[in-house]
Amino acid sequence: MNLNLTLPRWESLSRDDVIFIARLFLEGNTKEEFLVKAFLYLAKLKVLRTKKKKKYDIVHNRTVFEMSAEEIHDFSRECAFLFKPGFFPVFPIVDNIAPRDTTMSDATFAEFVNALNAFAGFNSIIRDRSNLIELCLVMHPGAKRKSIERLEGPIIYTSYMWFSAVLDMVMHICPALFSAEEPESPEPAPGQLIESIEAMYDIATDNVLPHRPVIANMNMWEALRAINKKIIQIQERHERL
């Protein structure tokens, strides 16, 4: 069957699309279930009825056609990009208060650290909703805690998805910030990141505590780039010894 479908990518997802994807992540779907549900939703396909031999009547733009389970699974692989962090058009989640800049270029280093702590906290064994709320407060400055606490889980989780993309960008632009204890792993573990943050403060301030507030109030990206550069210089000195 020749089916011409164009699936959106991260940058072209709508608010409803992002919330739907967030809901899939929170539902605890298997990878296969996630991909199939995401594919049907993003491709705007609806299953009308289940037929024999694992075939289905599908409707798309008022056109009804048949698809097999195998075909659906094959097409669903196009949604695998959703498992990799990506920037989507960020949107106000409460009270029409504008979110911060997509890449957090308007954030201080302290705000980045607060977001990272909340992010790592949610990634721990107990996925505490309170950590998502803290992350939302960083990503949506000006929003009131009580307003965020009333939001549904998938809406709050969009801030986690968003910060994942920011963190992925940080790791590509400032790779020296993160240790390589597990080189086979594509991403550092949350605890590893927190340890790195403490090390960042020490490196940036030369272990002089009164200097910490200065670093904390620096622009996030300026601070990260400066610390990244300093780490590289330290590594180069060690290599020459």
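These figures come from a predicted structure and were not determined experimentally. Just so you know, residue 1 is the first one in the sequence shown, and it goes up from there. Basis for what follows: all heavy atoms, side chains included, without hydrogens, waters or symmetry-related copies.
A donor-acceptor pair is defined here as one N or O able to donate and one able to accept, closer than 3.5 Å; such a pair exists between the side chain of Asn117 and the backbone of Val113. A donor-acceptor pair under 3.5 Å is formed between the side chain of Trp221 and the backbone N or O of Thr103. Proximity of a side-chain donor or acceptor of Asn131 to a complementary backbone N or O of Ala120 within less than 3.5 Å is not detected.
By the neighbour-count criterion of 12 heavy atoms within 6.0 Å, atom CD of Glu11 is densely surrounded, having more than that number from other residues, nucleotides or ligands.
Sorted by first and then second residue, the salt bridge (charged side-chain N to carboxylate O under 4.0 Å, His left out) pairs involving residues 217-226 (not counting sequence neighbours) form an empty list. Each salt bridge (charged side-chain N to carboxylate O under 4.0 Å, His left out) pair with one or both residues in residues 108-118, not counting sequence neighbours, appears once here: Arg100-Glu111. Judged as a salt bridge (charged side-chain N to carboxylate O under 4.0 Å, His left out), the pairs with a partner in residues 12-27 (not counting sequence neighbours) are, in order, Arg23-Glu152, Glu27-Lys37.
With contacts defined as side-chain heavy-atom distances shorter than 4.5 Å, the pair Ile21/Phe34 qualifies. Residues Trp162 and Thr102 are in side-chain contact: their nearest non-hydrogen atoms beyond the backbone lie under 4.5 Å apart. Counting only heavy atoms from C-beta outward, the side chains of Leu167 and Phe112 approach each other to under 4.5 Å. Taking the side chain as every heavy atom from C-beta outward, Val47 and Ile58 approach each other to under 4.5 Å.
Counting all heavy atoms, side chain and backbone alike, Glu71 lies closest to Ser68 at OE1-N, 2.9 Å. Minimum interatomic distance between Thr108 and Asn217 (heavy atoms only, all atoms of both residues): CG2-O, 4.0 Å. Scanning both residues, Cys79 and Ala38, for their nearest heavy atoms gives SG-C, 3.9 Å. Minimum heavy-atom separation, Cys136 to Ile93: SG-CD1, 4.0 Å. Of all the heavy atoms in Asp74 and Arg77, the pair that sits closest is OD1-NH1, 2.7 Å.
By the rule that hydrophobic residues join a cluster once side-chain heavy atoms approach within less than 4.5 Å of another member, Val18 and Ile97 end up as members of separate clusters. Taken together through direct or relayed side-chain contacts under 4.5 Å among Ile, Leu, Val, Met, Phe, Trp and Tyr, Ile173 and Ile232 form parts of separate hydrophobic clusters.
Evaluation of the salt bridge (Lys or Arg N to Asp or Glu O under 4.0 Å) rule for Lys46 yields no partner, not counting sequence neighbours. Under the side chain to side chain donor-acceptor pair (under 3.5 Å) criterion, Arg9 pairs with no residue at all, not counting sequence neighbours. Checked against salt bridge (Lys or Arg N to Asp or Glu O under 4.0 Å), Arg129 has no partners two or more places apart in sequence or in another chain. Scanning for salt bridge (Lys or Arg N to Asp or Glu O under 4.0 Å) contacts around Asp101 gives an empty result, with sequence neighbours left out. For Glu149, there are no side chain to side chain donor-acceptor pair (under 3.5 Å) partners two or more places apart in sequence or in a different chain. In this structure, the side chain to side chain donor-acceptor pair (under 3.5 Å) partners of Ser147, at least two apart in sequence or on a different chain, are Asp95. Checked against salt bridge (Lys or Arg N to Asp or Glu O under 4.0 Å), Asp57 has the following partners two or more places apart in sequence or in another chain: Arg49, Lys51. In this view, Tyr160 and Asn123 satisfy the side chain to side chain donor-acceptor pair (under 3.5 Å) rule, not counting sequence neighbours.
Between Ile156 atom CD1 and Met161 atom CE the span is 14.0 Å, to the nearest 0.5 Å. Atom CZ in Phe119 sits 12.0 Å away from atom OG in Ser159 (nearest 0.5 Å). In this structure, CG on Leu42 lies 6.5 Å from CG on Leu13, to the nearest 0.5 angstrom. One distance of note links CZ of Phe163 with CG of Leu132; it measures 12.5 Å at 0.5 Å rounding. Leu40 contributes atom CG, which lies 12.5 Å from atom NZ of Lys44 (distance to the nearest 0.5 angstrom). For the atom pair CD of Gln233 and NZ of Lys229, the computed distance is 6.0 Å after rounding to the nearest 0.5 Å.
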Quiz: residues 80-91 side-chain donor-acceptor pairs under 3.5 angstrom, not counting sequence neighbours:
none

Given the rule in the side-chain contact (heavy atoms from CB on, under 4.5 Å) test, do Leu45 and Val59 qualify, once you have shown the distances and angles that lead to the verdict? CA-CA 6 Å; Leu45 301 179; Val59 62; over 6 Å; no

With side-chain contact (heavy atoms from CB on, under 4.5 Å) as the test, would you mind laying out the steps for Met139 and Met104 before giving the verdict? CA-CA 8 Å; Met139 307 307 279; Met104 294 184 72; 3.7 Å; yes

Determine, stepwise, if the pair Ile227 / Phe109 fulfils side-chain contact (heavy atoms from CB on, under 4.5 Å). CA-CA 11 Å; Ile227 299 170; Phe109 184 63; 4.1 Å; yes

List the steps and the verdict of salt bridge (charged side-chain N to carboxylate O under 4.0 Å, His left out) for Glu134 and Arg145. CA-CA 8 Å; Glu134 293 301 325; Arg145 180 182 295 274; 2.7 Å; yes

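Applying the side chain to side chain contact (heavy atoms under 4.5 Å, CB included) test between Ile148 and each of Leu135, Val94, Ile155 identifies Val94 as the sole match.
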